[in-house]
Amino acid sequence: MTSHISSETLRQLGWSDHFQRLAKDQAINTDQVARVLSAHRDQFLVTDGRSEWLCTPSGKIRHHRQMDYPVTGDWVLVDKNAIRRVLPRKNTLCRGEAGSRGKQSGEARREQPIAANVDTVFVVSGLDRDFNLRRMERLLTLVYNCGMTPVIVLTKADLHESPETFLDKVEGLAVGVPVALTSTKDGSGVDQLHGYLDAGQTACMIGSSGAGKSSLANRLHGSDIQATAAVSERVGKGRHTTTSRDLIVMPRGGLLMDNPGIREIAFSKSGDGLEATFSDIRALAESCRFADCSHRHEPGCAVLHAVDSGELPPERLANYHKMQRELGYVQARSEKSADSVEKERWRDVAMEIKRMNRRKKR
Ligand SMILES: Nc1nc2c(ncn2[C@@H]2O[C@H](COP(=O)(O)OP(=O)(O)O)[C@@H](O)[C@H]2O)c(=O)[nH]1
Ligand SMILES: [Mg+2]
Ligand SMILES: [Zn+2]
């Protein structure tokens with residue numbers, strides 16, 4: 001009975017049929033489940049929908065590989081103030097760990113999970129010096145490679161007379177990706193994002209520091225819950241304010257994750273991200289003379305022809321080639337498939353549940 005009530009409460013935090021089914025199969029009592037709202041090295045703020053409390057990871061988790069350590073958005077098996085296990089993830093936003101690659105060596109980096117169980121990723125860019133089409137292509141590729149759905153959010157529209165010109169530039173970037181033109185100064189365009197934050201939905205923001213993510217979170221929430229650069233300048237804390245990742249429960253019941261600025265975007269997973277982001281190149285490639293055309297020097301290359309005719313920006317093709325090379329390294333190195341990692345996680349969770357229940361009976 002209580003477990004029925006708590007699973008309804010968990011639903012408001014994004015617990016879906018998918019998790020409910022798996023929990024049932026593994027005889028997990030949802031009273032033992034909580035969601036991670038923020039993750040620090042040794043302390044995790046979790047919630048079960050009724051209260052929030054701090055947990056520490058149990059010894060077992062501590063000694064696990066980095067991928068097994070809880071991140072914001074994770075569902076975890078808790079025992080009072082201890083996190084016993086991380087429940088298998090629906091998806092994981094990962095990037096290559098900063099600094100784990102020698103310059104230009106091309107060697108893939110260690111995987112660094114940033115967030116888990118995310119429905120939509122807001123790729124946030126300011127319409128100021130932050131605006132960079134090549135970086136957007138990188139972020140889109142990263143998001144797709146992690147099996148997530150991107151939405152491009154342009155902020156600071158108020159800085160321009162006709163900000164719509166940016167829409168044209170960005171819409172050519174990735175076919176089918178929604179683009180929102182917003183300003184947190186005057187609130188324009190912000191409302192269209194509420195649709196991604198309905199009850200049970202989790203959205204996560206990525207983008208450089210200063211892009212306007214926390215300001216957007218505040219606008220969407222309707223109150224100042226996140227510290228923005230504007231605030232910290234006043235209190236003299238410097239420009240980089242978001243030091244902790246936070247999952248915020250939004251008024252319409254969805255959850256929004258405010259991540260730290262991503263300075264460097266290194267890949268740690270390969271997937272169909274390149275194809276998804278560069279669907280125009282893939283479509284052109286069908287007309288190349290050679291099926292295995294690299295679009296670098298081959299005769300009869302439809303992609304190079306599109307560059308010559310001005311249809312395809314050369315910088316876009318160059319960025320495609322650059323990422324293709326990087327992802328080649330990632331693929332060569334990747335060990336286990338994400339699926340098998342998550343399957344192992346379930347087996348481990350099931351064993352832990354048995355142990356926990358045995359302890360209770362004694
Ligand atoms: N003009 C303008 N400035 C904005 C807008 N959104 C954010 N800013 C400013 O941009 C700076 C960085 O914002 P912040 O939300 O802290 O960015 P974050 O690092 O991505 O979280 C702050 O000084 C904000 O006041 C906007 O829509 N228009
Ligand atoms: Mg911030
Ligand atoms: Zn070609």
Side-chain angles (χ1 to χ4, degrees), residues 38 72 114-115 121-132 135-136 139 152-161 163 166 180-193 203-221 223-248 256-263 274-275 278 280-309 311-312 314 316-318 320-321 324:
S38 74
T72 306
I114 302 170
V121 181
F122 294 161
V123 176
V124 183
S125 294
L127 294 186
D128 47 14
R129 277 194 325 205
D130 188 41
F131 188 77
N132 181 327
R135 211 186 44 235
M136 270 184 236
L139 286 170
I152 295 176
V153 180
L154 304 175
T155 60
K156 312 191 187 185
D158 56 277
L159 296 179
H160 299 274
E161 282 281 301
F166 288 94
L181 184 61
T182 70
S183 163
T184 60
K185 280 265 142 68
D186 58 26
S188 63
V190 172
D191 281 352
Q192 59 190 303
L193 299 175
C204 166
M205 296 183 288
I206 57 174
S208 15
S209 178
K213 299 180 296 299
S214 298
S215 306
L216 187 65
N218 291 342
R219 262 283 176 182
L220 285 163
H221 190 267
S223 67
D224 286 349
I225 36 158
Q226 291 296 93
T228 63
V231 170
S232 75
E233 266 156 30
R234 249 180 277 133
V235 299
K237 274 192 194 153
R239 281 179 54 243
H240 305 294
T241 44
T242 314
T243 51
S244 69
R245 293 180 275 271
D246 283 317
L247 191 59
I248 311 152
L256 180 63
M257 213 181 290
D258 188 0
N259 277 302
I262 296 187
R263 214 180 269 278
L274 266 194
E275 276 75 57
F278 296 93
D280 52 345
I281 292 181
R282 194 178 54 172
L284 285 166
E286 278 171 24
S287 311
C288 291
R289 185 179 304 162
F290 304 110
D292 63 347
C293 185
S294 73
H295 326 305
R296 289 175 194 277
H297 46 69
E298 288 88 345
C301 173
V303 176
L304 291 174
H305 182 76
V307 171
D308 285 342
S309 71
E311 186 193 335
L312 179 71
R316 183 166 166 85
L317 179 59
Y320 171 83
H321 279 142
Q324 191 178 45

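In each ligand, atom 1 is the first atom listed, and ligand 1 is the first ligand listed.
- At least one N/O-N/O distance between Gly210 and ligand 1 falls below 3.5 Å.
- Across every non-hydrogen atom of Pro299 and Phe290, the tightest pair is O-CE1, 3.8 Å.
- No more than 12 heavy atoms of other residues, nucleotides or ligands shown are found within 6.0 angstrom of NE2 on His305.
- Expressed to the nearest 10°, the angle at the Zn ion (ligand 3) joining SG in Cys301 with ND1 in His295 is 110°.
- Between Ser214 and ligand 1, a contact under 3.5 Å exists for at least one N or O pair.
- Contact atoms of ligand 1 toward Ala211: 17 (O), 20 (O) (distance under 4.0 Å to a heavy atom of the residue).
- Between the side chain of Lys213 and the backbone N or O of Gly207 there is at least one donor-acceptor pair closer than 3.5 Å.
- Of the listed residues (Asp258, Leu216, Thr184), the one carrying the non-hydrogen atom nearest atom 26 (C) of ligand 1 is Thr184.
- Ligand 1 has at least one atom lying under 4.0 Å from a heavy atom of Ser208.
- Within ligand 1, counting atoms from 1 as listed, the ones closer than 4.0 Å to a heavy atom of Ser215 are 6 (N), 7 (C), 13 (O), 14 (P), 15 (O), 24 (C).
- Classification of the Phe131-Phe166 ring pair by plane angle, with boundaries at 30° and 60°, yields perpendicular.
- Inclusion of Thr228 in the first shell of the Mg ion (ligand 2) is not supported: no N, O or S atom falls under 2.8 Å.
- For the atom pair CG (Asp191) and CZ (Arg219), the distance works out to 9.0 Å, reported to the nearest 0.5 Å.
- Listed by number with element, the atoms of ligand 1 under 4.0 angstrom from any heavy atom of Leu159 are 1 (N).
- The residue among Lys156, Arg219, Lys213 with a heavy atom at the shortest distance from atom 11 (C) of ligand 1 is Lys156.
- When side chains are defined from C-beta on, Leu127 does not count as touching Leu159, because their heavy atoms never get closer than 4.5 Å.
- At a cut-off of 3.5 Å, with distance as the only test, a side-chain donor of Arg135 or Ser208 sits close to an acceptor on the other residue.
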